[in-house]
Amino acid sequence: MSTRLDGRKKDDLRPIKIELGVVKSAAGSCYLEWGKNTVVATVHGPRPMFPKHLSNSQRAVVDYRYRMAPFSVSDRKSPVPGKRDKEISLVSGFALESVIMTEKFPNTVINVNTLILSADAGTRVAALTAASLACADAGLPMKGLVSAVAIGRANGDLIYDLTKDEEDAPDAVDTAIAITMPQKEIALLQMDGFVNKDDWKKMVSMGFSAAEKVYALQKNALLEKYPVNGDINE
Ligand code: CDP
């Protein structure tokens, strides 16, 4: 295959645009466009957890919510969170928690809200990428960032960053992968479809290299708002 329907090569990501601090009432926030996906992520807290029995005396609880706006897809999405929203919220929260130093804020909650304004496949990875930047924008102590991306197969080719059209291909495989950076550990991995072992290995390594590209853009966005001397990893 030479080019894809939208003109990309198979290892191209869609254009990604990031802006931090867009929601002034939040402790931290991020607006992110990823191809035709649009997402806003906000962070409130850490603040005391109510009701208290939900708190953890050893660390902050990360309450991550993934939601799609009713107008984000062509068939109206019900604003009532369904099973998909709840599952994505749960696993994304676990992924984000792995980079936040929650042990510094016992008995508190950190509310992370991600709202998809327009969707064209890969929304959970766009939301998680934005959420980790919103946490950094909030000044939360973090071990790193979560850089997330989708990898898969469509029309016989292993490709990066599938669109909805590609996800709907008859042989489609869609894998969401989130990597902690700079540690390079897998924080989330979800797959739809079937692949053989060789393709699976290739897809995981594609995920790591695509996550590096996402991480570079995340660092640029942070450095633009918070210039520092030297390497951001130091
Ligand atoms: O968005 P992501 O790839 O993380 O999740 P998905 O469940 O694989 O959904 C793929 C795409 O299907 C979404 O990005 C939307 O474009 C679309 N979708 C939809 O049209 N209506 C829904 N209720 C859920 C998803």
Side-chain angles (χ1 to χ4, degrees), residues 4-6 8 10-18 30-41 64-96 112-134 145-155 157-180 186-195 199-200 203-204 206-208 210-211 213-215 217-218:
R4 292 154 68 177
L5 271 181
D6 59 5
R8 280 183 293 153
K10 52 188 173 187
D11 55 353
D12 284 341
L13 302 184
R14 290 172 283 182
I16 296 176
K17 183 183 150 191
I18 297 169
C30 174
Y31 167 85
L32 188 145
E33 285 173 9
W34 187 321
K36 292 183 191 159
N37 291 315
T38 313
V39 52
V40 176
Y64 185 107
R65 296 196 188 192
Y66 163 99
R67 298 286 183 266
M68 294 178 100
F71 52 82
S72 63
V73 285
S74 46
D75 287 343
R76 179 181 177 275
K77 160 82 174 65
S78 161
V80 180
K83 261 167 52 182
R84 176 179 171 276
D85 309 70
K86 288 179 188 166
E87 180 198 309
I88 294 175
S89 301
L90 186 73
V91 293
S92 304
F94 291 150
L96 192 57
V112 181
N113 284 285
T114 62
L115 179 63
I116 310 299
L117 301 175
S118 63
D120 183 33
T123 56
R124 76 194 66 199
V125 292
L128 194 43
T129 298
S132 91
L133 283 170
L145 291 175
V146 175
S147 307
V149 68
I151 299 294
R153 185 183 63 208
N155 309 312
D157 284 308
L158 296 183
I159 52 176
Y160 292 72
D161 188 21
L162 287 72
T163 60
K164 178 85 174 95
D165 283 338
E166 289 168 335
E167 258 195 43
D168 291 341
D171 65 339
V173 175
D174 175 32
T175 300
I177 184 163
I179 317 274
T180 61
I186 294 177
L188 174 146
L189 191 60
Q190 293 181 290
M191 186 175 79
D192 273 342
F194 297 95
V195 278
D199 281 354
W200 173 247
M203 278 170 52
V204 172
M206 285 162 71
F208 274 88
K213 291 188 190 175
V214 173
Y215 182 49
L217 297 172
Q218 289 174 300

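Order of listing sets the numbers, starting from 1, for every ligand and every atom in it.
Close N/O approach between Thr123 and ligand 1 is found [any backbone or side-chain N/O within under 3.5 Å]. By the 3.5 Å distance cut-off applied to N or O atoms, Asp192 is not counted among the residues near ligand 1. Inclusion of Val125 in the set of residues having an N or O under 3.5 Å from an N or O of ligand 1 is not warranted. Backbone and side-chain nitrogen or oxygen atoms of Ala121 are examined, and one is located within less than 3.5 angstrom of a nitrogen or oxygen of ligand 1. Looking at ligand 1, you won't find any N or O of Tyr66 less than 3.5 Å from one of its N or O atoms. Checked against a 3.5 angstrom limit, the closest N/O atoms of Asn37 and ligand 1 fall outside it.
Of the charged side-chain nitrogens involved, at least one lies within less than 4.0 Å of a carboxylate oxygen, so that Asp120 and Arg14 count as a salt-bridged pair.
Qualifying side chain to side chain donor-acceptor pair (under 3.5 Å) partners for Tyr66, counting only residues two or more places apart in sequence or in other chains: Arg84, Thr123.
The backbone N or O of Tyr160 lies less than 3.5 Å from no partner atom in the side chain of Asp11, so there is not a single donor-acceptor pair. Looking only at distances, a side-chain donor or acceptor of Asp85 sits under 3.5 Å from a matching main-chain atom of Gly82.
Considering only non-hydrogen protein atoms, atom 4 (O) of ligand 1 sits nearest to Arg124 NE, 2.8 Å. For atom 21 (N) of ligand 1, the closest non-hydrogen atom on the protein side is Val73 CG1, 3.8 Å. Nearest non-hydrogen protein atom to atom 3 (O) of ligand 1 is Gly122 N, 2.8 Å. The closest protein non-hydrogen atom to atom 17 (C) of ligand 1 is Lys164 CE, 3.5 Å.
Short contacts between ligand 1 and Ala119, defined as distances under 4.0 Å to a heavy atom of the residue, involve ligand atoms 14 (O), 15 (C), 16 (O).
The closest non-hydrogen atom to atom 23 (N) of ligand 1, taken over Glu87, Lys77, Arg84, comes from Lys77. By heavy-atom distance, the residue among Gln190, Met68, Glu167 lying nearest atom 10 (C) of ligand 1 is Glu167.
Distance check, rounded to the nearest 0.5 Å: CZ of Arg65 to CG of Leu90 gives 12.0 Å. To the nearest 0.5 angstrom, Phe208 atom CZ is 4.0 Å from Ile186 atom CD1. Distance check: Ile116 CD1 to Arg124 CZ gives 10.0 Å after rounding to the nearest 0.5 Å.
With a 4.0 Å cut-off on non-hydrogen atoms, Ile116 does not touch ligand 1 at all.
Under a 4.0 angstrom heavy-atom cut-off, Ala176 registers as lying outside contact with ligand 1.
No more than 12 heavy atoms of other residues, nucleotides or ligands lie within 6.0 Å of NZ in Lys36, so this atom counts as exposed by the packing criterion.
Shown are Thr38, Val73, Val39, Asn37; of these, the side-chain contact (heavy atoms from CB on, under 4.5 Å) with Ser118 is made only by Thr38.
For the pair Val146 and Ala95, the tightest heavy-atom approach, listed with the atom from each and the gap, is CG2-O, 3.7 Å.
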